Amino acid sequence: MRRETAPRVSRRNFLLGAGTTGVAALSGCIQRRSEYDGGDGETGGPVTGEIAVAGSSTVFPLTRTMRVEFQKEYPEVDISVSSTGTGGGFGNFFCTGDRALNNASRPIKDSEVEQCGENGIEPVELRVATDAMTVVVNNDADWVDCVTVDELAQIWGPDGADRWSDVREDWPDEPFELYGPASTSGTFDYFTESIIGEEDAHREDYQPTEDDNTIVTGVSGDDHGMGYFGFAHYQGNSDAVKALEIEDPETENGCVAPTLENAAAGDYTPLSRPLFLYVSRDALQRPAVREFCRFYVRNATSRALVSDAVGYVPLTEEQRSIQRGRLEHAIDIANGRATE
């Protein structure tokens, strides 16, 4: 579905410009929900309409939770959320103009910004949480509690190890049964680049899926299974599979468990990562879209919604302030009250 003709748009320049200008010009404006005469949500009238969100399965449960809370305040807005993978969402729905919003477990790629540009879509990046991506094994795998980044690269890289004993001599002489996200997933992209160190350099002989429940079922049903996904999904299935600690040679932290506390402290490396919601800037002309984005960012510091209900690290106040500025500046541009 991607086209090849549009002029290249620098993602770095786009995001830097949106972020810095927005913070300077509009920090704090989010508190005034009805300050503009630009539509229902900004004149105090009822907010109505439909919103469809595609993208990351990792961000899916957080957006679903925000939807439920938002609709308590705005019951006349109908929101649907689908799990298509970050890349699948950008390529098939967001950058084609079929969806105004896309969940993403990695930053948008330059190639995706190009595709959006071809269709007149200008993506606005909003960070909404931090994840502690988790590697899991079978509960009966009592021979392993911690793996190094290098060992994970030996297992998941091209021509990866076939048997556990190929990586450590004292591990079982049994073949790996590997389960993970499909290549359309942002989790796949982030894991590949963080662990293997090269884009798309992931072994192909594993069982890929966009359904994290399939990974849980596969690993829990095989003594020699291994898989990975977002921490929220592990938190919801911690009785079914065992999380491994990760040792990163770039730090002196030793083996570090995937916990929200370790991710927030910056100790869980390299698998702690930012999570995003992307919105088409022109869609911010619609009251329902802009109010949902405002609600999402406003509540991204909520421990009850982000940590307790889902399983991710909330934004800090400073991080939220940056996102507020970016969003409000984009809203002003979309509604003709500001320029680039």
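These figures come from a predicted structure and were not determined experimentally. Positions are given from 1, in the same order as the sequence printed here. Because only heavy atoms are used, hydrogens play no part in the values below, and waters and symmetry mates are left out as well, while side chains stay in.
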Legend entry - Leu101 side chain near Cys293 side chain, heavy-atom distance below 4.5 Å: yes
Inset, instruction - Please check if atom CG in Asp159 has more than 12 non-hydrogen atoms from other residues, nucleotides or ligands closer than 6.0 Å. - result: no
Inset, instruction - State whether the side chain of Asn262 and the backbone N or O of Ala257 hold a donor-acceptor pair below 3.5 Å, judged by distance alone. - result: yes
Inset, instruction - Please report the shortest heavy-atom distance between Thr48 and Glu76, naming the atom on each side. - result: CG2-OE1, 3.1 Å
Inset, instruction - State, yes or no, whether a side-chain contact exists between Pro314 and Ser302 at a heavy-atom distance under 4.5 Å. - result: no
Inset, instruction - Using atom types as modelled and distance alone, determine if a side-chain donor or acceptor of Arg163 lies under 3.5 Å from a backbone N or O of Pro172. - result: no
Inset, instruction - Please go through Tyr179's hydrophobic cluster and name the other residues, only I, L, V, M, F, W, Y counting, with side-chain heavy atoms under 4.5 Å joining them. - result: Val136, Ile215, Val216, Val219, Phe229, Phe231, Tyr234, Val241, Leu260, Val313
Inset, instruction - Using only heavy-atom distances, determine whether the side chains of Asn119 and Gln115 contain a donor-acceptor pair under 3.5 Å. - result: no
Legend entry - Side-chain donor or acceptor of Ser80 paired with backbone N/O of Asp78 under 3.5 Å: no
Legend entry - Nearest atoms (heavy-atom pairs only) where Arg168 meets Val147: NH2-CA, 4.3 Å
Legend entry - Pair listing, ring pair (Phe, Tyr, Trp, His ring centres under 6.0 Å) test, anchored in residues 51-72, at least two apart: Phe70-Tyr74, Phe70-Phe292, Phe70-Phe295
Legend entry - Residue list, side chain to side chain donor-acceptor pair (under 3.5 Å) with Asn299, at least two apart or on another chain: none
Legend entry - Donor-acceptor pair, side chain of Arg99 and main chain of Asn92, under 3.5 angstrom: no
Inset, instruction - Would you please classify the geometry between the Tyr206 ring and the Trp156 ring as parallel, tilted or perpendicular, with 30° and 60° separating the classes? - result: perpendicular
Inset, instruction - Is it possible for you to say whether Leu62 and Met133 belong to one hydrophobic cluster, with membership spreading through side-chain heavy-atom contacts below 4.5 Å? - result: no
Inset, instruction - Indicate, with yes or no, if Tyr228 and Val59 share a hydrophobic cluster defined by side-chain heavy-atom contacts under 4.5 Å among Ile, Leu, Val, Met, Phe, Trp and Tyr. - result: no
Inset, instruction - Answer yes or no: is there a donor N or O on one side and an acceptor on the other, between the side chain of Thr84 and the main chain of Gly89, under 3.5 Å? - result: yes
Inset, instruction - Supply the atom-to-atom distance Asp189 CG to Asp200 CG, rounded to the nearest 0.5 angstrom. - result: 6.5 Å
Inset, instruction - Identify which one of Ile121, Val113, Ile108, Thr96 satisfies the side chain to side chain contact (heavy atoms under 4.5 Å, CB included) criterion when paired with Phe90. - result: Ile108
Legend entry - Pro107 backbone acceptor or donor facing Tyr278 side chain under 3.5 Å: no
Inset, instruction - Verify the cluster assignment for Leu327 and Met66: are they in a single hydrophobic cluster under the rule of side-chain heavy atoms below 4.5 Å apart? - result: yes
Legend entry - salt bridge (Lys or Arg N to Asp or Glu O under 4.0 Å) contacts touching residues 46-71 (sequence neighbours left out): Glu69-Lys72
Inset, instruction - Find out whether Glu122 and Ile333 are in side-chain contact, i.e. whether some heavy atom of one side chain is under 4.5 Å from a heavy atom of the other. - result: no
Inset, instruction - Decide whether Leu277 and Val124 are clustered together by the hydrophobic rule: side chain heavy atoms of Ile, Leu, Val, Met, Phe, Trp, Tyr closer than 4.5 Å, transitively. - result: yes
Inset, instruction - Write down the atom of Ala201, the atom of Pro158, and the distance for their closest heavy-atom approach. - result: O-CD, 3.0 Å
Legend entry - Verdict with supporting geometry, Ile195 and Leu271, side chain to side chain contact (heavy atoms under 4.5 Å, CB included): CA-CA 8 Å; Ile195 297 298; Leu271 293 182; 4.0 Å; yes
Inset, instruction - Write down the atom of Glu245, the atom of Pro258, and the distance for their closest heavy-atom approach. - result: CA-CD, 4.4 Å
Legend entry - Close side-chain approach of Tyr296 and Leu126, heavy atoms under 4.5 Å: no
Inset, instruction - State yes or no: are the ring centers of His224 and Trp143 separated by less than 6.0 Å? - result: yes
Inset, instruction - Might you point out which heavy atoms bring Ala300 and Val306 nearest each other, and give the distance in Å? - result: O-CG2, 3.7 Å
Legend entry - Side-chain donor-acceptor pair present, Glu210, Thr184, cut-off under 3.5 Å: yes
Legend entry - Step-by-step side chain to side chain contact (heavy atoms under 4.5 Å, CB included) determination, Val77 to Ile51: CA-CA 7 Å; Val77 177; Ile51 302 173; 3.9 Å; yes
Inset, instruction - Kindly indicate whether the side chain of Pro249, heavy atoms from C-beta on, has any atom under 4.5 Å from the side chain of Val149. - result: yes
Inset, instruction - Go through the side-chain N and O atoms of Thr301 and Arg320 and say whether any donor and acceptor fall under 3.5 Å apart. - result: yes
Legend entry - Distance (rounded to the nearest 0.5 Å) between Glu114 CD and Glu112 CD: 10.5 Å
Legend entry - Test item: Ser194 side-chain N/O and Phe191 main-chain N/O as donor-acceptor pair under 3.5 Å: no
Legend entry - Donor-acceptor under 3.5 Å (Ser321 side chain, Glu317 main chain): no
Legend entry - Check: Asp173/Ser165 side-chain N/O donor and acceptor closer than 3.5 Å: yes
Legend entry - Donor-acceptor pair, side chain of Asn335 and main chain of Ile331, under 3.5 angstrom: yes
Inset, instruction - Measure the OG1-OH distance between Thr259 and Tyr268 for me, rounded to the nearest 0.5 Å. - result: 9.0 Å
Inset, instruction - Hey, could you give me the OG1/CG distance between Thr130 and Leu315, rounded to the nearest 0.5 Å? - result: 6.5 Å
Inset, instruction - Could you check Val256 against Ile246 for side chain to side chain contact (heavy atoms under 4.5 Å, CB included), going step by step and ending with a plain yes or no? - result: CA-CA 5 Å; Val256 179; Ile246 306 296; 5.8 Å; no
Inset, instruction - Scan residues 193-256 for pairs that pass disulfide (SG to SG under 2.5 Å), counting only residues two or more places apart or in two chains. - result: Cys146-Cys255
Legend entry - Side-chain touch Asn253/Asp248, heavy atoms, less than 4.5 angstrom: no
Legend entry - Qualifying residues under side chain to side chain donor-acceptor pair (under 3.5 Å), relative to Arg273, sequence neighbours excluded: Thr58, Ser105, Asp131, Thr187
Legend entry - Spacing of CD belonging to Glu328 relative to CZ belonging to Arg290, to within rounding of 0.5 Å: 9.5 Å
Legend entry - Side chain Thr209, main chain Pro181, donor-acceptor under 3.5 Å: no
Legend entry - Side chain proximity check, Asp267 to Thr251, heavy atoms < 4.5 angstrom: no
Legend entry - Sole residue of Asn139, Asp145, Asn138 in side chain to side chain donor-acceptor pair (under 3.5 Å) with Lys242: Asp145
Inset, instruction - Please name the pair of heavy atoms, one in Arg286 and one in Ala100, separated by the smallest distance, quoted to 0.1 Å. - result: NH1-CB, 4.2 Å
Legend entry - Reported CG-to-CD distance for the pair Asp166 and Glu174, which is rounded to 0.5 angstrom: 11.5 Å
